[in-house]
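Structure first, commentary second.
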Protein chains: 2
Amino acid sequence: MNVKEAQQEFVQLWGNFGSQWGINKTMAQVHALLLTSDDAMSTDDIMEALSISRGGANMNVRELMVWNLIYKVSKTGDRKEFFVAEKDIWEVAKRITRERKRREIEPLKLHLSRLKELDKKEKGAGDFIQMVENIERLVSRMDLMSDTVMKAEESAFFGAIIRLLK
Amino acid sequence: MNVKEAQQEFVQLWGNFGSQWGINKTMAQVHALLLTSDDAMSTDDIMEALSISRGGANMNVRELMVWNLIYKVSKTGDRKEFFVAEKDIWEVAKRITRERKRREIEPLKLHLSRLKELDKKEKGAGDFIQMVENIERLVSRMDLMSDTVMKAEESAFFGAIIRLLK
DNA sequence: TTTTATTTTCAATAATTATTGAAAGTTTTA
DNA sequence: TAAAACTTTCAATAATTATTGAAAATAAAA
């Protein structure tokens, strides 16, 4: 297997993995392509590499820019836009986490919290509220966990503690 | 808002949230329904509550049993099967984590590891392998962290340490 | 055994989600 | 200013994924 083949396999792998976790497959593929590409790529390069349409390539690079996972760069003497990915994988993880938190976790927390505004006198209300509170606690803990992982990575001290917990 | 309305809203909420994370929407709804239901429900009860077909109800309860999130129970004098959910939300989280790990993370790790078997002499191979290794490290760390959080919940000592990291 | 109740399967269909590609829009160059 | 180069949009379409429902299978009762 040469590098190109390995890269193609990685692109497929990452696309499938992404879609299992609710991330658009093609977006994940574009990301994987840029992650493992040495130099900046234009929309045409991406279209060619992934056999996708111009529209699709454009939409996905724009979305990846919103997620802060890729950047636009320009080459002197070329009018086209080129794109490069953030290569620090921990930075990548942090940004994906941040975006999903903002889009999904925060609204979920809000919604759950509002669910507790029900007639507390009614039979069964207590149990229901308890369940919602337990879920709220779970979500918060998971949320905190992601912060902790990221923080641990940045700190030798916390990192050592985390490893102790294994 | 009464309990029933709140429950219905929760079912919708959980279904949407699940599908954003790659979990079948109806399966998440059946789970939410049973999670917030006081007594065991039959397939007919579930069909009625969620307005879904018999086939759908059956497929989803079976799948939830594979995930170990619900159990079959029987009522004396009734031939039907009834279902109840595991109500301990931490247990629920652990089981979902375990299942996704088994189905997705383990295969991903294997696949990533195999990607490193390429001609290392080729130009660019070093960078590619480095990227794959960084991703492997990230996946492992995320994986380990989920164990740690679950463990922390069960242990005052670990819990205290995790809180320190906040 | 036969009937009845219940569960399971799965081909057909519906619903959802992703993708295309050509037209419109924008920016740069001549 | 007009033409060329490039980017963006979005209605139409394709691909994927979820759902139905009726028939087959299974299990319990008569």
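The structure displayed is predicted, hence computed values, not measured ones. Just so we're on the same page: letters track the sequence lines, and every chain starts at 1.
- We find that CG of A:Asp45 is positioned 11 Å from P of D:dT7, with the value rounded to whole Å.
- Side-chain atoms of A:Thr43 lie closest to D:dT7 of the nucleotides C:dT8, D:dT19, D:dT7.
- Contact annotation for A:Ser51: backbone-only contact, meaning every heavy-atom pair under 4.0 Å involves sugar-phosphate atoms and none involves a base.
- Rounded to an integer number of Å, the gap from B:Ile52 CD1 to C:dT8 P is 14 Å.
- At a non-hydrogen distance threshold of 4.0 Å, A:Asp78, A:Arg79, A:Lys80, A:Glu81 from residues 71-86 of chain A come into contact with DNA chain D.
- As a whole-Å value, the separation of A:Lys25 NZ from D:dT16 P is 7 Å.
- Across the protein-nucleic acid pair, B:Asp44 atom CG and C:dA5 atom C1' stand 11 Å apart, rounded to whole Å.
- Proximity of B:Asn24 to the phosphate of D:dT19: a side-chain N or O atom is located under 4.0 Å from OP1 or OP2.
- Computed from coordinates, the A:Asn60 CG to C:dT17 P distance equals 16 Å when rounded to whole Å.
- Residues passing the salt bridge (Lys or Arg N to Asp or Glu O under 4.0 Å) test with A:Lys25: none are found, sequence neighbours excluded.
- In this structure, A:Arg62 reaches the sugar-phosphate backbone alone: every heavy-atom distance under 4.0 Å involves primed, P, OP1 or OP2 atoms, never a base.
- Each of B:Arg54 and A:Val61 was assigned the nucleotide of DNA chain D with the nearest heavy atom; the assignment lying further toward the 5' end belongs to A:Val61.
- Here D:dT7 presents its P atom at 14 Å from CE of A:Met41, a figure rounded to the nearest Å.
- At least one donor-acceptor pair closer than 3.5 Å links the side chain of B:Asp45 to the backbone N or O of B:Ser42.
- Checked for salt-bridge contact, A:Lys94 and A:Glu91 meet the test: a charged N lies under 4.0 Å from a carboxylate O.
- Regarding A:Met27, its CE atom lies at a distance of 11 Å from the P atom of C:dA18, rounded to whole Å.
- Between A:Asn58 and the phosphate of D:dT7, there is no side-chain N or O to OP1/OP2 separation shorter than 4.0 Å.
- Spacing between atom CG of B:Leu50 and atom P of D:dA18 amounts to 16 Å, rounded to whole angstrom units.
- Salt bridge status for B:Glu99 with B:Arg95: absent, with no side-chain N to carboxylate O gap under 4.0 Å.
- Within the cation-pi definition used here (under 6.0 Å to the ring centroid, within 45° of the axis), A:Arg137 does not qualify as a partner of B:Trp90.
- Checked for salt-bridge contact, A:Asp147 and A:Lys101 meet the test: a charged N lies under 4.0 Å from a carboxylate O.
- The environment of B:Glu106 atom CD is dense: over 12 non-hydrogen atoms of other residues, nucleotides or ligands sit within 6.0 angstrom.
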